[in-house]
Amino acid sequence: MSNQDLELVSVTKRYGATVAVDAINYCFKSDSYTCLLGPSGCGKSSTLRMIAGHESVSDGSIVLDGRDVSHLPPAQRGTAMMFQNYALFPHLSVLDNVAFSLKMKGVDTAKRHAEAREMLELVDLTDLAARLPDQLSGGQQQRVALARALITRPQVLLLDEPLSALDPFLRIRMRGELRKLQKELGISFIHVTHGQDEALALADDIIVMNNAVIEQAGPARDVFNAPQTQFVAQFMGGHNVLALPDGHFAIRTDAVSISAPTDGAVEGNVTAIEYQGTHVSLSAMITDNQEILALIPDSTFFANPHTPGDRIGLHWDSKDQHKLTA
Ligand code: ADP
Ligand code: MG
C-alpha cells in the first residue's frame, strides 16, 4: 500500500438504532476513480460524508496518507466534497464562488482570483467568470461546483450523485469530463451513484454496497463479469441467476446461445422476444419455472428466427457460469 491511499478500517455509522454503515473495510488506491454503487438507503452517502468529515464516525477509523483523519474537520483532511445540489452562493460571481474557500483562509484577492481562474480554465468556464450562478445552465453550475471543490487541492475528491440533476444527454457528457479530469489531475475520485451503467462507464474500481455492508469490490470488469452474490448479479444487470442442482450461478445474458433442441442442451420454451436494435432479447422457460434471458446479436437471431412457444436448446460455456456464494 502506498502512503497516498485512503483506508477505511472497520468504519461504522449508527443513527440511533439504525446501522447505516456496518464495519466496512476498504483501501482506495491513489489516483483511481472509484464508484460506490448500491440501491437507495444502503449507506453510500453516509460513507462518503464520514470520509469528508461532514458526519462523525461511530466506530472505526479513516486513514489518509498514513494519518488518522477520523476526527479532523473537513478542511484539514485533504478531501473535498462536491454536493449534489452544488450549493453555490447566489449573490457571488462564478469567480468568487470558486475562490471562496481561499478567502476563508485569508488568501489575498489577487492570488485567490488567479487560482480561481486556473480552476475555471480546468473546467472550461473561463468566459463565464463574471456571471452569477442563476445565469448558468445546470451543467455549468456543476462545473463551478467542481472548480470550487478542486481549488482546495484535495488528494481525494468526493462526489455524491453528481450527475443525477442533469438531463440524460448532459449526464453522459459530464461523466466523460469527470473521468478525463480525474486522469488529468492524478488524484482519487470517489463517486456515489445508484446507477450501474454510470459506475461501469466511470470507475476503475467499483464497490457494491447493500444493507450497510460491502457486497463486492474490485475492478469494474471483474465485478460485472464475475459477480459473487445473487444481489450483485441482479443489481449489475445483464446476468441470469439460475438455481442448478449444484448451487446458484450467474451467467451473462450475452453468453447464452440458442439452437434447436439437442441432446445435452438445456431445453426451454420461448416465452418472449424483444427486438432491441443491435440485439434480440429472448426469454425462455426451462425446468422449475426458471426463466433464462439470452441476448442474441440481431443478425444471428434473424438468420434463424424463433417465436414464442417454440421449443429450443440453450447453451453456454462452463467458463461463463459463475458460482454465487450467497
Ligand atoms: P444512500 O446514500 O445509500 O441512499 P444513506 O447513507 O443516505 O444511504 O442512508 C443509509 C441509512 O441511514 C438509511 O436507512 C437512512 O434512512 C439512514 N440515515 C441517513 N442519514 C440519516 C440521518 N441523518 N439520521 C437518521 N438516519 C439517517
Ligand atoms: Mg445518498
Side-chain angles (χ1 to χ4, degrees), residues 6-28 33-62 64 69-71 73-74 77 79-88 138 141-142 145-146 149 154 156-168 171 174-175 178 182 188-203 205-218 220 223-224 227-237 326:
L6 169 65
E7 198 177 357
L8 307 182
V9 185
S10 198
V11 169
T12 296
K13 181 68 203 180
R14 283 183 290 267
Y15 302 101
T18 307
V19 182
V21 179
D22 193 1
I24 63 172
N25 291 289
Y26 189 76
C27 185
F28 295 88
Y33 206 118
T34 306
C35 281
L36 212 50
L37 172 68
S40 176
C42 72
K44 306 179 298 295
S45 294
S46 298
T47 302
L48 205 70
R49 289 200 304 263
M50 285 191 285
I51 296 171
H54 296 300
E55 195 73 76
S56 64
V57 170
S58 304
D59 257 317
S61 50
I62 297 168
L64 178 57
V69 299
S70 314
H71 304 289
R77 292 190 173 204
T79 58
M81 179 114 161
M82 197 192 101
F83 293 96
Q84 193 171 352
N85 56 11
Y86 316 145
L88 300 178
Q141 287 182 22
Q142 182 178 48
L146 207 57
V156 180
L157 181 69
L158 306 164
L159 307 112
D160 195 351
E161 311 236 4
L163 305 177
S164 60
L166 304 177
D167 66 58
R171 195 178 305 154
M174 269 310 293
R175 80 182 182 203
L178 284 175
Q182 187 271 319
S188 297
F189 280 26
I190 304 174
H191 173 138
V192 162
T193 176
H194 59 261
Q196 54 82 28
D197 54 336
E198 192 168 301
L200 287 172
L202 278 165
D205 295 311
I206 294 179
I207 302 171
V208 183
M209 284 187 76
N210 185 31
N211 289 330
V213 299
I214 295 176
E215 281 265 332
Q216 187 172 347
V223 173
F224 184 77
Q228 285 163 2
T229 67
Q230 204 162 320
F231 173 82
V232 174
Q234 275 155 353
F235 194 79
M236 295 308 291

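Note that ligands are numbered from 1 as they come in the structure, with each ligand's atoms numbered from 1 the same way.
Close approach of ligand 1 to Gly43 (heavy-atom distance below 4.0 Å) involves ligand atoms 1 (P), 3 (O), 6 (O), 8 (O), 10 (C). Near Ala20, meaning under 4.0 Å from any of its heavy atoms, are these atoms of ligand 1: 10 (C), 11 (C), 12 (O).
Residue, atom and distance of the protein heavy atom nearest to atom 7 (O) of ligand 1 are Ser45 CB, 3.8 Å. Counting only heavy atoms of the protein, atom 27 (C) of ligand 1 lies nearest to Tyr15 CD1, 3.3 Å. Given atom 4 (O) of ligand 1, the protein heavy atom at minimum distance is Gly41 N, 2.6 Å.
The closest approach between Ser40 and ligand 1 falls below 4.0 Å for a heavy atom of the residue.
Closer than 4.0 Å to atom 15 (C) of ligand 1 lies none of the heavy atoms of the protein.
Within a 6.0 Å sphere centred on CG of Asp197, heavy atoms belonging to other residues, nucleotides or ligands number more than 12. Heavy-atom neighbours of His54 NE2 from other residues, nucleotides or ligands within 6.0 Å: above the threshold of 12.
When the heavy-atom distances from atom 3 (O) of ligand 1 to Arg49, Lys13, Lys44 are ranked, the shortest goes to Lys44.
Note on ring orientation: taking the six-membered ring where Trp is involved, the planes of Tyr26 and Phe28 are perpendicular (angle over 60°, cut-offs 30° and 60°).
Counted by atom type alone, Lys13 and Ser56 present one or more donor-acceptor pairs between their side chains at under 3.5 Å.
Across Arg171 and Leu166, no two heavy atoms sit closer than the pair NH2-O, 2.9 Å.
Considering backbone and side-chain N/O of Thr18, none are found under 3.5 Å from N/O of ligand 1. The shortest N/O to N/O separation between Ser46 and ligand 1 falls below 3.5 Å.
With values rounded to the nearest 0.5 angstrom, Leu37 atom CG is found 6.0 Å from Ile206 atom CD1. Put simply, CD on Gln182 and CD1 on Ile190 are 10.5 Å apart, with the number rounded to the nearest 0.5 Å.
At least one N, O or S atom of Ser45 sits under 2.8 Å from the Mg ion (ligand 2).
Contacts between Arg14 and ligand 1 below 4.0 angstrom, taking non-hydrogen atoms only, are absent altogether.
We find that Arg49 and Asp160 are not joined by a salt bridge, their nearest charged nitrogen and carboxylate oxygen being 4.0 Å or further apart.
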